[in-house]
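To start, the structure itself, in structure tokens.
What you see is a predicted model; the values in this text were computed from it and never measured.
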Amino acid sequence: MKKSLYTTMIFGLMALSIGFLQSCKNKDPSFAKVYVRSSNDQLVEGAKVIIIGDIENATKTFPYVDTLLTNSSGFAQFPMEEYFTEAGEENPVGVFDIIVKKGADYGEGYGFRVRIHNTSVKTVHFD
């Protein structure tokens, strides 16, 4: 009887330990948020934003390309979970280049560092 009670207690403690370890993992989503401003510093709605993984950067970055339009608040928010799932936990940072276009207006941004489980923000101005 004592042995079965002892065994049950050990298994219970092991289950609790595993539960605590799983709950400590960071599950916050990753986003790359890009604001687009005109040459007179106004936020721009409907601009095409292209984010490109800078594979030649010293920080190991995997190939990645995505395109969104800015919303009425002048930003495009890219969900980066797919990128970080492919990159793996051992690569918690990626570096990206950004191209923005609207009509004849054009702008670029370089060296945009995006971190896993964070929202990274960058502003790009039209030339």
Side-chain angles (χ1 to χ4, degrees):
M1 181 79 170
K2 283 186 178 182
K3 189 172 184 176
S4 65
L5 181 61
Y6 178 74
T7 304
T8 304
M9 286 177 37
I10 293 295
F11 281 121
L13 285 173
M14 288 173 54
L16 283 174
S17 297
I18 291 171
F20 285 129
L21 289 174
Q22 290 297 320
S23 67
C24 292
K25 288 185 178 180
N26 190 339
K27 296 177 182 151
D28 290 337
S30 302
F31 290 102
K33 192 173 193 177
V34 179
Y35 284 91
V36 178
R37 292 192 174 267
S38 64
S39 56
N40 60 356
D41 212 32
Q42 299 297 312
L43 290 169
V44 178
E45 179 181 0
K48 182 190 282 188
V49 180
I50 305 166
I51 187 170
I52 305 165
D54 185 359
I55 58 174
E56 295 178 3
N57 192 286
T59 301
K60 186 174 182 181
T61 302
F62 291 83
Y64 183 82
V65 177
D66 199 0
T67 303
L68 290 174
L69 295 177
T70 56
N71 60 17
S72 60
S73 298
F75 69 86
Q77 183 166 294
F78 295 88
M80 299 302 290
E81 289 304 314
E82 180 183 330
Y83 172 80
F84 285 113
T85 299
E86 182 183 325
E89 291 286 328
E90 63 277 357
N91 296 303
V93 178
V95 179
F96 299 87
D97 294 334
I98 302 166
I99 299 171
V100 294
K101 300 177 185 178
K102 184 168 185 184
D105 294 327
Y106 180 84
E108 295 178 339
Y110 300 100
F112 180 31
R113 300 180 75 75
V114 178
R115 297 184 186 283
I116 193 168
H117 305 303
N118 283 312
T119 298
S120 303
V121 180
K122 175 92 170 171
T123 300
V124 178
H125 290 82
F126 285 128
D127 296 333

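In the model, T59 has a side-chain atom that pairs as donor or acceptor with a side-chain atom of R113 under 3.5 Å. For the 3.5 Å distance criterion, the side chains of N40 and S38 qualify, holding a donor opposite an acceptor. Side chain to side chain, E81 and Y83 fail the donor-acceptor criterion of an N or O pair below 3.5 Å.
Hydrophobic clustering of Ile, Leu, Val, Met, Phe, Trp and Tyr side chains at less than 4.5 Å, counting indirect connections, keeps I98 apart from L43. Y64 and L68 fall within the same hydrophobic cluster, defined by Ile, Leu, Val, Met, Phe, Trp and Tyr side-chain heavy atoms under 4.5 Å apart, directly or through other members. Residues V49 and F75 are members of separate hydrophobic clusters, defined by side-chain heavy-atom contacts under 4.5 angstrom among Ile, Leu, Val, Met, Phe, Trp and Tyr. Residues V93 and F62 fall into different hydrophobic clusters, defined by Ile, Leu, Val, Met, Phe, Trp and Tyr side chains chained together at heavy-atom separations under 4.5 Å. Grouping the Ile, Leu, Val, Met, Phe, Trp and Tyr side chains by contacts below 4.5 angstrom, directly or via other members, places V44 apart from I50.
Between I116 and M80, the closest side-chain pair of non-hydrogen atoms is not below 4.5 Å.
Between G53 and T61, the closest heavy-atom pair is CA-CG2, 4.0 Å.
Looking at H117, its side chain does come within 3.5 Å of a backbone N or O of D28 through a donor-acceptor pair.
Note: E45 CD to L69 CG = 9.5 Å, rounded to the nearest 0.5 Å. The distance from the CZ atom of F126 to the OG atom of S39 is 9.0 Å, given to the nearest 0.5 Å. Rounding to the nearest 0.5 angstrom, the gap separating the CD atom in E108 from the NE2 atom in H125 is 15.0 Å. A distance of 12.0 Å separates OG1 in T70 from CZ in R37, rounded to the nearest 0.5 Å. Here the CD1-CD1 distance, from I51 to I99, works out to 11.0 Å after rounding to the nearest 0.5 Å. Taking OH from Y35 and NZ from K122, the interatomic distance works out to 14.5 Å, rounded to the nearest 0.5 Å.
Cation-pi check for K101 over Y106 is not met; the charged atom does not lie both under 6.0 angstrom from the ring centroid and within 45 degrees of its normal.
The environment of E82 atom CD is sparse: at most 12 non-hydrogen atoms of other residues, nucleotides or ligands sit within 6.0 angstrom.
A distance of 6.0 Å or more separates the ring centres of F112 and F96.
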